[in-house]
Amino acid sequence: MGLERLFTVLNVAASGLAAQRQQLDAAASNIANAETLETPEGGPYRRRDVVFRQTGVEKFSTLVQRELARLGPVGERIMAARARLLGHRSPAVAVEAKEVRESSDQGQLVYDPGHPLADAEGYVRKPNVNMVKEMLSLMTATRAYEANLSVVQATKTMAKKALEI
């Protein structure tokens, strides 16, 4: 493994760490505001989700179409294109948090006529945060964060061992 590949692995793991950190922040914010009935924007707190996006990916079909366009007449060029495709090294796939999106789901209406935020009929709208979903999201993000951290540790160990040679 060359030095370039070593840094590529570290960059991919670092992108996963950054993306999972945002997921952890969103889940923590959702849990912290599970009972917030009034926000500065008005109304109860709304659940926030992180939208992930792959980066550094070239679809195989795009690669094939580009090679076929260059190919022209069928024949020996097909074999040359096949060899190029088989030898093609796809760029490293990374992930990034594209955006943090606020859920559009309405919270549950609870009948509580004595509450200061109750409407004329006595109902209070609760935040749309489901604690089970949030805990699952928190655990998933934690595991993914740990997996990316393990990749960084393993890469560091490999680099140290390579220097010992």
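Quick note: numbers below take in every heavy atom, side chains included, and nothing from hydrogens, waters or symmetry partners.
Between the side chains of Glu96 and Ser15, no donor-acceptor pair is found at a separation under 3.5 Å.
Nearest approach of Ala118 to Val124, heavy atoms of both residues: CA-CG2, 3.7 Å. Closest non-hydrogen pair, Thr39 versus Pro44, comes out as CG2-C, 3.9 Å. In this structure, Ser29 and Tyr45 approach most closely via the heavy-atom pair OG-OH, 3.1 Å. Of all non-hydrogen atoms in Tyr111 and Glu121, the two that sit nearest each other are CE1-O, 3.4 Å. Here the closest heavy-atom approach between residue Ala13 and residue Val152 is recorded as CB-CG2, 3.7 Å.
For the pair Leu24 and Leu138, the minimum side-chain heavy-atom distance is below 4.5 Å. The shortest distance between side-chain heavy atoms of Pro127 and Leu37 falls below 4.5 Å. Using a 4.5 Å cut-off on side-chain heavy atoms (C-beta onward), Gln23 and Tyr145 make no contact. Two residues are said to be in side-chain contact when any heavy atoms from C-beta on lie closer than 4.5 Å; Arg46 and Gln106 meet this criterion. Here the side chains of Glu134 and Val129 are in contact, with some heavy-atom distance below 4.5 Å.
Judged purely by atom type and a 3.5 angstrom limit, Thr155 uses its side chain to pair as donor or acceptor with the backbone of Val151. Not a single donor-acceptor pair under 3.5 Å links the side chain of Ser137 to the backbone N or O of Lys133.
Interatomic distance, CZ of Arg48 versus CG of Asn128, reported as 10.0 Å (0.5 Å rounding). Atom CG of Asn30 is separated from atom CG of Asp49 by 7.0 Å, given to the nearest 0.5 angstrom. In this structure, the separation between OG1 on Thr142 and CG on Leu149 is 12.0 Å, given to the nearest 0.5 Å. Atom CD1 of Ile31 and atom CE of Met135 lie 5.5 Å apart (nearest 0.5 Å). Rounding to the nearest 0.5 Å places CZ of Arg125 at 9.5 Å from CD of Gln108. To the nearest 0.5 angstrom, Gln20 atom CD is 11.0 Å from Glu146 atom CD.
Residues passing the salt bridge (charged side-chain N to carboxylate O under 4.0 Å, His left out) test with Glu38, sequence neighbours excluded: none.
Within 6.0 Å of atom CD in Glu41, more than 12 heavy atoms from other residues, nucleotides or ligands are found, so the atom counts as buried in its surroundings.
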